[in-house]
A.B. asks: 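Dropping a structure here in structure tokens format, bear with me for questions.
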Protein chains: 2
Amino acid sequence: MKARSQPQDEQHLTEQLGATGLRLTPQRQQVYDVLLHKRDHPTAEEVFIRAKKAMPEISHATVYNCLDALVKSGLARQVTLDRGATRYCPNMHEHGHFHCSSCETVFDVDLPAQAMKLPKGFKAEHFDIAIHGICPDCDSK
Amino acid sequence: MKARSQPQDEQHLTEQLGATGLRLTPQRQQVYDVLLHKRDHPTAEEVFIRAKKAMPEISHATVYNCLDALVKSGLARQVTLDRGATRYCPNMHEHGHFHCSSCETVFDVDLPAQAMKLPKGFKAEHFDIAIHGICPDCDSK
DNA sequence: GGTTAGTTTAGAATTATTCTAAATCTTGAC
DNA sequence: GTCAAGATTTAGAATAATTCTAAACTAACC
């Protein structure tokens with residue numbers, strides 16, 4: 001129901017963006033709100049449509065800019081599956097994505113947080129895991 | 001050095017494609033050869049450019065068609081990183097991708113083949129793991 | 001209160017991918 | 001062998017996703 005973030009979120013936003021040398025603007029706030037409000041891994045286009053409801057003047061380029069700002073500041077992640085548009089996810093917990101091949105829904109799934117062993121010398125900054133399969137709902141149909 | 005697959009590869013190709021109801025065509029052979037020849041995770045556009053050298057009449061749409069055919073038949077995998085073009089990989093071993101944030105190179109890395117635990121009811125068909133970080137080469141510079 | 005740097009905007013441009021309709025090839029039935 | 005049916009390829013148009021551009025706006029700072 002809420003259309004805006006709570007004050008503590010705003011504080012957090014300002015800090016995280018600030019640490020990357022970026023400002024908190026109404027647009028970035030709005031885009032972040034959209035991500036938090038419905039965590040269904042929307043595409044940039046979807047975010048644009050949703051953000052427009054509260055902020056009709058917002059532009060396409062701004063949505064991309066805001067999403068990039070959020071990603072750079074560690075407030076959201078990009079989720080790329082197959083050849084379609086990139087999706088966005090505000091869940092910064094270490095997690096993977098389960099993509100149902102039937103209904104196309106994307107679910108967050110916990111990871112065994114296992115030490116993903118890498119060859120000597122490689123330094124991992126973060127990883128994205130995309131699992132493709134069938135979700136319980138589709139499986140029972 | 002070799003520009004063509006060996007006979008046993010051809011056999012394999014025919015079988016794998018056949019199992020999916022697809023034919024082995026010179027174009028599909030060529031596209032597969034390109035993938036095998038230089039395993040640097042090329043984009044469809046890259047594959048197109050390389051395939052053209054041996055087969056100048058090949059078209060863009062055909063390259064996409066062939067890549068899709070190979071992916072459907074389990075001969076290649078799609079690799080999607082960030083927002084750019086999709087890349088292709090003929091390594092069908094269970095593995096993840098390490099993406100160097102500095103030089104952009106994509107490395108295949110073995111997985112602990114661990115039982116990626118999923119919530120009850122989810123059935124995994126396959127997964128893609130993309131690891132972002134710094135490769136040894138870039139790290140030493 | 002003016003300067004500077006960061007941000008937003010609309011719309012154009014570019015890039016990636018898919019679609020279309022016609023031409024070509026393959027295969028299997030006769 | 002020959003023909004119809006279906007699969008595949010082709011060039012180019014169309015669409016979708018993303019980035020770029022230049023001008024206008026905003027906020028912070030001296």
Side-chain angles (χ1 to χ4, degrees), chain A residues 10 13-34 41-52 54-73 75-88 104, chain B residues 10 13-34 41-52 54-73 75-88 104:
Chain A
E10 198 170 318
L13 262 183
T14 307
E15 277 170 20
Q16 293 281 112
L17 286 166
T20 325
L22 301 166
R23 294 183 191 149
L24 174 56
T25 65
Q27 288 85 350
R28 285 174 183 164
Q29 170 93 251
Q30 177 59 40
V31 164
Y32 189 56
D33 282 351
V34 165
H41 306 87
T43 61
E45 181 63 21
E46 256 305 311
V47 172
F48 174 60
I49 291 168
R50 294 180 196 173
K52 256 186 122 108
M55 195 178 260
E57 352 63 58
I58 200 169
S59 87
H60 229 130
T62 300
V63 169
Y64 277 96
N65 167 348
C66 291
L67 289 169
D68 281 348
L70 295 173
V71 170
K72 279 206 201 94
S73 311
L75 289 156
R77 292 173 50 183
Q78 287 188 232
V79 182
T80 48
L81 301 163
D82 303 322
R83 244 164 7 199
T86 300
R87 300 166 171 280
Y88 295 86
E104 304 271 290
Chain B
E10 197 170 316
L13 261 182
T14 308
E15 277 170 19
Q16 293 280 113
L17 286 165
T20 325
L22 301 166
R23 296 182 190 149
L24 175 56
T25 64
Q27 289 83 350
R28 285 173 184 165
Q29 170 93 251
Q30 177 59 40
V31 164
Y32 191 55
D33 282 351
V34 165
H41 306 86
T43 61
E45 180 64 19
E46 257 304 311
V47 172
F48 175 60
I49 291 166
R50 295 181 195 172
K52 256 186 122 106
M55 194 178 261
E57 353 64 57
I58 201 170
S59 87
H60 228 131
T62 300
V63 169
Y64 276 97
N65 168 349
C66 292
L67 288 168
D68 281 348
L70 295 172
V71 170
K72 279 205 200 93
S73 311
L75 289 156
R77 293 172 51 184
Q78 288 188 233
V79 182
T80 48
L81 301 162
D82 304 321
R83 244 163 7 197
T86 300
R87 300 167 170 282
Y88 296 86
E104 303 270 292

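Within every chain, numbering begins at 1; the chains are lettered A, B, ... in the order of the sequence lines, protein sequences first and strands thereafter.
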A.B. asks: Quick one: do A:Gln16 and A:Tyr32 satisfy side-chain contact (heavy atoms from CB on, under 4.5 Å)? Show the steps, please.
C.D. replies: CA-CA 12 Å; A:Gln16 293 281 112; A:Tyr32 189 56; over 6 Å; no
A.B. asks: Within the structure, does a side-chain N or O atom of A:Arg83 lie under 4.0 Å from either OP1 or OP2 of C:dA16?
C.D. replies: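 It does not, given that no N or O in the side chain of A:Arg83 lies less than 4.0 Å from OP1 or OP2 of C:dA16.
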A.B. asks: Both B:Thr43 and A:Leu24 contact DNA chain C. Taking the nearest nucleotide for each, which residue is further toward the 5' end?
C.D. replies: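 Its nearest nucleotide lies further toward 5', so the answer is A:Leu24.
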A.B. asks: May I ask you to test the B:Asp68-A:Arg83 pair for a side-chain heavy-atom distance under 4.5 Å?
C.D. replies: yes
A.B. asks: Can you measure B:Tyr88 atom OH to C:dT17 atom P for me and round it to whole angstrom units?
C.D. replies: 6 Å
A.B. asks: Look at B:Gln27 and C:dC25 and indicate whether a side-chain polar atom (N or O) is within less than 4.0 Å of OP1 or OP2.
C.D. replies: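 False: B:Gln27 side-chain N/O out of range (4.0 Å or more) of C:dC25 OP1/OP2.
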A.B. asks: With the side chain counted from C-beta on, respond yes when A:Gln78 and A:Tyr88 share a heavy-atom pair under 4.5 Å apart, and no when they do not.
C.D. replies: yes
A.B. asks: Send over the distance from B:Asp68 CG to C:dA16 P, rounded to a whole Å.
C.D. replies: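 Taking CG of B:Asp68 and P of C:dA16, I get 16 Å after rounding.
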A.B. asks: Output yes when a side-chain donor or acceptor of B:Arg28 lies under 3.5 Å from a complementary backbone atom of B:Leu70, and no otherwise.
C.D. replies: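 Absent.
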A.B. asks: Given A:Gln27 and A:Asn65, is the side-chain contact (heavy atoms from CB on, under 4.5 Å) satisfied, shown in steps?
C.D. replies: CA-CA 10 Å; A:Gln27 288 85 350; A:Asn65 167 348; over 6 Å; no
A.B. asks: Would you give the length of the straight line joining atom CZ of B:Arg87 to atom CZ of B:Arg77, rounded to the nearest 0.5 angstrom?
C.D. replies: 14.5 Å
A.B. asks: Please state how far atom CD in B:Glu46 lies from atom C1' in C:dT17, giving the value in whole angstrom units.
C.D. replies: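 Atom-to-atom, B:Glu46 to C:dT17, this comes out as 17 Å.
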A.B. asks: Any residue in residues 56-65 of chain A with a heavy atom nearer than 4.0 angstrom to DNA chain D? Just list them by number, or reply none.
C.D. replies: A:His60, A:Ala61, A:Tyr64
A.B. asks: Where does the chain B footprint on DNA chain D start and end, counting 5' to 3' with a 4.0 Å heavy-atom cut-off?
C.D. replies: D:dG6 to D:dT19
A.B. asks: Does a side-chain heavy-atom distance below 4.5 Å link A:Thr62 with A:Thr25?
C.D. replies: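 When only atoms from C-beta onward are counted, A:Thr25 and A:Thr62 do not touch, as no gap falls below 4.5 Å.
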A.B. asks: Between atom CD in A:Gln29 and atom P in C:dT8, what is the gap in whole Å?
C.D. replies: 12 Å
A.B. asks: Within this structure, what is the CD-to-C1' distance between B:Gln78 and C:dT18, rounded to whole angstrom?
C.D. replies: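 B:Gln78 atom CD is separated from C:dT18 atom C1' by 14 Å.
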A.B. asks: Are B:Thr86 and B:Leu67 side-chain neighbours, meaning at least one heavy-atom pair lies under 4.5 Å?
C.D. replies: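 No, their side chains stay 4.5 Å or more apart.
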A.B. asks: Can A:Leu17 and A:Leu75 be said to form a side-chain contact (heavy atoms from CB on, under 4.5 Å), step by step?
C.D. replies: CA-CA 8 Å; A:Leu17 286 166; A:Leu75 289 156; 4.2 Å; yes
A.B. asks: Using heavy-atom distances to pick each residue's nearest nucleotide on DNA chain D, tell me which of B:Thr25 and A:Ala85 is more 5'.
C.D. replies: B:Thr25
A.B. asks: What nucleic acid atoms does A:Thr86 come within less than 4.0 Å of, heavy atoms only: base, sugar-phosphate, or nothing?
C.D. replies: sugar-phosphate
